Amino acid sequence: HRKMRSSVAFKLLSLVGLLLMSTQTTDAKNSEDIRCKCTCPPYRDIDGQIYKQNVSLKDCNCLHVVEPMPVDGKDVEAYCLRCECKYEERSSGTIKVTIIIYLSILGLLFLYMVYLTLLEPMLKRRLFGHSQLQNDDDVGDQQPFANAHNVLSHSASRPNMLNKVEHAQQRWRRQVQEQRKSVFDRHVVLS
């Protein structure tokens, strides 16, 4: 399992590294990564507008960005003085890498959920045998997880950390079962 996990982690890191290298550009920026945004408020009978153009920093002004110009002649200067233009830069490479990492984490969580819901019960059946699970099912109707301690104590071949997690999980399940009894049978809420 460790080799498989390290292999998956290595492949994921390699993919992220390749994407980082492929999205980096030289000195020139992508036209989608730079833009000038001019916000012009209402002027006389003209509604307020937002104009966007892919221009350089030196051309980020009303005269280069606002197209078509809604006013004529002398009003152009008065209209442009009211407009506020901002130069904006973004890194599409960083955005792509962030999205890929986010989707990778979601994918890993999904695979873990599939493992917990589908594969873990099959593996437990194989490890502990059908007779032990059958006994658990018979007792489970009255007291769920009653034989869990016995099953876990017989699995000495499992790693110590996994046993600790299983014990904590079983303790939590017993506490939940006790709370259910208190609430539904005795109608008492535990604090």
Side-chain angles (χ1 to χ4, degrees), residues 1-121 161-162 164-166 168-169 171-173 175-176 179-180 183-184 189-191:
H1 291 290
R2 284 186 182 172
K3 286 184 180 180
M4 190 171 97
R5 282 188 219 150
S6 63
S7 171
V8 170
F10 178 73
K11 288 178 184 177
L12 181 64
L13 288 174
S14 300
L15 177 69
V16 170
L18 284 173
L19 285 171
L20 275 174
M21 288 190 293
S22 68
T23 56
Q24 287 181 350
T25 57
T26 56
D27 292 338
K29 293 271 188 186
N30 279 338
S31 62
E32 298 94 32
D33 287 346
I34 58 171
R35 71 177 183 181
C36 184
K37 177 179 171 184
C38 290
T39 306
C40 299
Y43 181 74
R44 294 190 181 165
D45 60 343
I46 301 167
D47 291 336
Q49 291 270 341
I50 296 176
Y51 299 93
K52 299 173 192 169
Q53 288 282 346
N54 294 333
V55 296
S56 65
L57 178 60
K58 66 179 180 166
D59 292 332
C60 184
N61 57 41
C62 175
L63 295 174
H64 290 98
V65 175
V66 177
E67 290 179 8
M69 188 62 73
V71 293
D72 294 325
K74 294 187 289 183
D75 288 336
V76 171
E77 188 176 340
Y79 183 76
C80 281
L81 287 175
R82 298 172 59 106
C83 293
E84 181 182 341
C85 295
K86 291 182 181 177
Y87 182 75
E88 298 175 344
E89 263 187 72
R90 68 178 182 192
S91 173
S92 59
T94 304
I95 294 169
K96 287 177 186 177
V97 169
T98 304
I99 290 172
I100 288 170
I101 290 172
Y102 178 75
L103 291 175
S104 299
I105 290 171
L106 282 178
L108 288 173
L109 288 173
F110 178 75
L111 289 175
Y112 184 62
M113 181 188 73
V114 168
Y115 167 76
L116 287 177
T117 56
L118 300 177
L119 296 176
E120 188 181 34
M161 187 63 183
L162 187 58
K164 286 180 183 179
V165 171
E166 291 277 342
Q169 187 180 26
R171 189 173 353 133
W172 175 78
R173 286 180 176 162
Q175 288 173 348
V176 169
Q179 288 177 359
R180 283 186 184 141
V183 170
F184 293 117
V189 177
L190 298 175
S191 57

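The basis for the numbers below is simple: all heavy atoms, side chains too, and nothing from hydrogens, waters or symmetry mates. Note that the structure is a prediction, hence the values are computed from the model and not measured.
Looking at Lys86 and Glu84, a side-chain N of the basic residue comes within less than 4.0 Å of a carboxylate O on the acidic one, giving a salt bridge.
Disulfide criterion (SG-SG under 2.5 Å) for Cys60 and Cys36: met. The SG atoms of Cys38 and Cys85 lie less than 2.5 Å from each other.
Between the side chain of Arg180 and the backbone N or O of Gln175, no donor-acceptor pair lies under 3.5 Å. Between the side chain of Asp75 and the backbone N or O of Ala78, no donor-acceptor pair lies under 3.5 Å.
Across every non-hydrogen atom of Glu89 and Ile34, the tightest pair is CG-CG2, 3.6 Å. What you find for Pro41 and Tyr79 is that their closest heavy atoms are O-CE1, 4.4 Å.
Counting heavy atoms from C-beta on, the side chains of Ile100 and Ser104 come closer than 4.5 Å. Side-chain contact check for Val55 versus Arg35: every heavy-atom pair is 4.5 Å or farther apart.
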After noting the C-alpha distance and the side-chain angles of Glu67 and Gln53, does the key distance pass the side-chain contact (heavy atoms from CB on, under 4.5 Å) rule? CA-CA 9 Å; Glu67 290 179 8; Gln53 288 282 346; 4.0 Å; yes
message: Under the criterion side-chain contact (heavy atoms from CB on, under 4.5 Å), I'd like the reasoning laid out for Arg82 against Cys62: C-alpha separation, chi angles, the key distance, then a yes or no.
response: CA-CA 9 Å; Arg82 298 172 59 106; Cys62 175; over 6 Å; no
For side-chain contact (heavy atoms from CB on, under 4.5 Å), just list the numbers for Val176 and Trp172, CA-CA rounded to whole Å, side-chain angles, deciding distance to a tenth of an Å, and then say yes or no. CA-CA 6 Å; Val176 169; Trp172 175 78; 3.7 Å; yes
Checklist entry - Going through the checks in order, is the side-chain contact (heavy atoms from CB on, under 4.5 Å) test met by Val76 and Leu63? => result CA-CA 8 Å; Val76 171; Leu63 295 174; 3.9 Å; yes
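With Tyr112 as the partner, the side chain to side chain contact (heavy atoms under 4.5 Å, CB included) test is satisfied by one option alone out of Val114, Leu108, Leu116: Leu116.
A distance of 12.5 Å separates SG of Cys40 from CG of Asp47, quoted to the nearest 0.5 Å. Rounded to the nearest 0.5 angstrom, Met69 CE and Tyr51 OH are separated by 8.0 Å. Rounded to the nearest 0.5 angstrom, Tyr87 OH and Lys37 NZ are separated by 15.5 Å. Note that the CG atom of Asp33 and the CD atom of Glu88 stand 12.0 Å from one another [nearest 0.5 Å]. Note that CE of Met113 and CG of Leu118 are 8.5 Å apart. Values are rounded to the nearest 0.5 Å. Rounded to the nearest 0.5 angstrom, Leu111 CG and Leu119 CG are separated by 10.0 Å.
Other residues, nucleotides and ligands contribute over 12 non-hydrogen atoms within 6.0 Å of the CD atom of Gln169.
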